[in-house]
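Since the model is a prediction, treat every value here as computed from it, not as a measurement.
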Amino acid sequence: MAPGRKPSMDQPTGPEAGERAHAEMIAKAGALVPRLRERAARTEELRHLPPETERDLHDAGLFRMLQPARIGGAELDYVALVDCAELLGEADASVAWNLANLASHHWMLGMFEQKAQDLVWGRDPHVLIASSFIFPAGRATRVEGGYQLRGSWPFSSGVASCEWNMLASVVYSEDEADGIEYRIFLLPKGDYNVLDTWNVAGLRGTGSCDVEVRDAFVADYMTVAVGDLAGGPTPGSRVNPNPLYALPVFSLFPYVLSGVALGNAQACLDDYIEVARHRISTYNRAKLSDFQSTQIKIADASAKIDAARLIMRSACLDAMEDARRGRIPDMATKTRYRRDGSFSVNLCTDSVSMLFAASGARGLFTSGVLQRQFRDAHAINSHLAFNFDAAGTNYGRVALGLPSENLTL
């Protein structure tokens, strides 16, 4: 809604309006599923989103689901990322991955200083922003008015479609007593080079290429300290007062992408059930649906997927409720968010792996979707945010009274 415009008397406001807007966005995502499924093979072949897919996502407003309403975005609650990524993940995990990634950067930009927001969105409110949040990949030093930045970052998903990039870096000081700082830098595409490195087994259509910055100046207002994103008011809260922009970013980071794993696993289960209903065993001509092992695997996979969905959505809903009440989560809660984010995606991966093994040689054919679902599931699970050893160790440390080892929390 434009600034100063009043809602009409028949338009719901408050929670009711938010629920309606959420449902409308979900419906738009669901309407894209059939055509995205048809394009999945071509998306893999291209190694990036087809232009028509990118247009469909723009036309549906999906990229802007978390963008501030003052810019024309939907400003939905954080759980929309999980719900929309799940639906699109049922069609193509690569599309869902890029949608969730790029949509989350509108949310994060809403936490930067207003000057940075105005510079980016003032030119084009629909513009896409890529990222790579691998802090050791960069090296920044403080200079007058800003920072000098250089480095080489991997896994910048969807970068070919983007005009800007959020790159994470360590800021070094000549005075060792000052230590190091984690900070995020927002650069226009003219300040970095894209390296065509994305030749992979899973999530092939995400175009997650490397980016290189040789030596760029980044003004102060185009950066944000990770410490300012740990929960509570951010530099952008003055113009974006919605609690959405006061969430702890890196505590909730797994849920930017966890819905992709959920949708991919749900599609794998749905396909398995459909095949098992009609398939006859080539070994003894028995119906697969009559096998107790088939029935148990369906129950096992569906329980894991349903549990994963509850875990993911509960974390997002709880975090939004805390933000509305002005509560900043403590370290125990933050490490629990990370633990549950990785655990829930691991449940999805386990389900896909089990169904792939149960499908026998059928899953080997590249003409079918099962092999892609298997590859994508394990590509998703390879993301550091879903490494349960890392998340579980840090959760255990904090539970035992030891300091967190994750410096982004």
Under the side chain to side chain donor-acceptor pair (under 3.5 Å) test, residues paired with [X] that sit two or more places apart:
X    : result
T333 : D330
E38  : none
D322 : R327

**Study point:** Pair listing, ring pair (Phe, Tyr, Trp, His ring centres under 6.0 Å) test, anchored in residues 23-53, at least two apart
**Key:** none
**Study point:** Pairwise ring pair (Phe, Tyr, Trp, His ring centres under 6.0 Å) hits with a residue in residues 24-44, at least two apart
**Key:** none
Under the ring pair (Phe, Tyr, Trp, His ring centres under 6.0 Å) rule, collect the residues that match up with [X], sequence neighbours excluded.
X    : result
Y272 : none
Y182 : F135
Y395 : none
H58  : F63

Check whether [X] reaches the backbone of [Y] with its side chain - one donor and one acceptor, N or O, closer than 3.5 Å.
X    : Y    : value
N264 : Q373 : yes
D92  : R37  : no
T234 : Y245 : yes
Y172 : A140 : no

Practice item. Consider only side-chain N and O atoms of S161 and E54, and report whether a donor and an acceptor are under 3.5 Å apart. Key: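 There is such a pair between these side chains.
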Exercise for review: List the steps and the verdict of side chain to side chain donor-acceptor pair (under 3.5 Å) for T197 and D210.
Suggested key: CA-CA 6 Å; T197 53; D210 291 9; 3.2 Å; yes
Review point. Per the salt bridge (Lys or Arg N to Asp or Glu O under 4.0 Å) rule, which among R309, R313, K28 passes with D83?
Key: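 Only one of R309, R313, K28 forms a salt bridge (Lys or Arg N to Asp or Glu O under 4.0 Å) with D83, namely R313.
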Check your understanding: For the residue pair P34 and G30, what are the closest heavy atoms and their distance?
Key -> CD-O, 3.8 Å
Review point. Who passes salt bridge (charged side-chain N to carboxylate O under 4.0 Å, His left out) against E44, sequence neighbours left out?
Key: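 If we apply the salt bridge (charged side-chain N to carboxylate O under 4.0 Å, His left out) test to E44, skipping adjacent residues, the hits are R375.
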Exercise for review: Could you list the residues that satisfy salt bridge (charged side-chain N to carboxylate O under 4.0 Å, His left out) with D196, not counting sequence neighbours?
Suggested key: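 Testing D196 for salt bridge (charged side-chain N to carboxylate O under 4.0 Å, His left out), a comparison that skips the adjacent residues, returns R47.
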**Study point:** side-chain contact (heavy atoms from CB on, under 4.5 Å) partners for D270, two or more places apart
**Key:**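 D270 satisfies side-chain contact (heavy atoms from CB on, under 4.5 Å) with Q266 once adjacent residues are dropped.
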Review point. Counting only heavy atoms not in F343, do more than 12 sit closer than 6.0 Å to its CZ atom?
Key: no
Point to revise | D300 with K304: basic N within carboxylate O range, under 4.0 Å | key: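 Result for this pair is yes, salt bridge flagged.
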Revision key, fill the gap. From the list D191, T223, N165, side chain to side chain contact (heavy atoms under 4.5 Å, CB included) partner of F185 resolves to T223
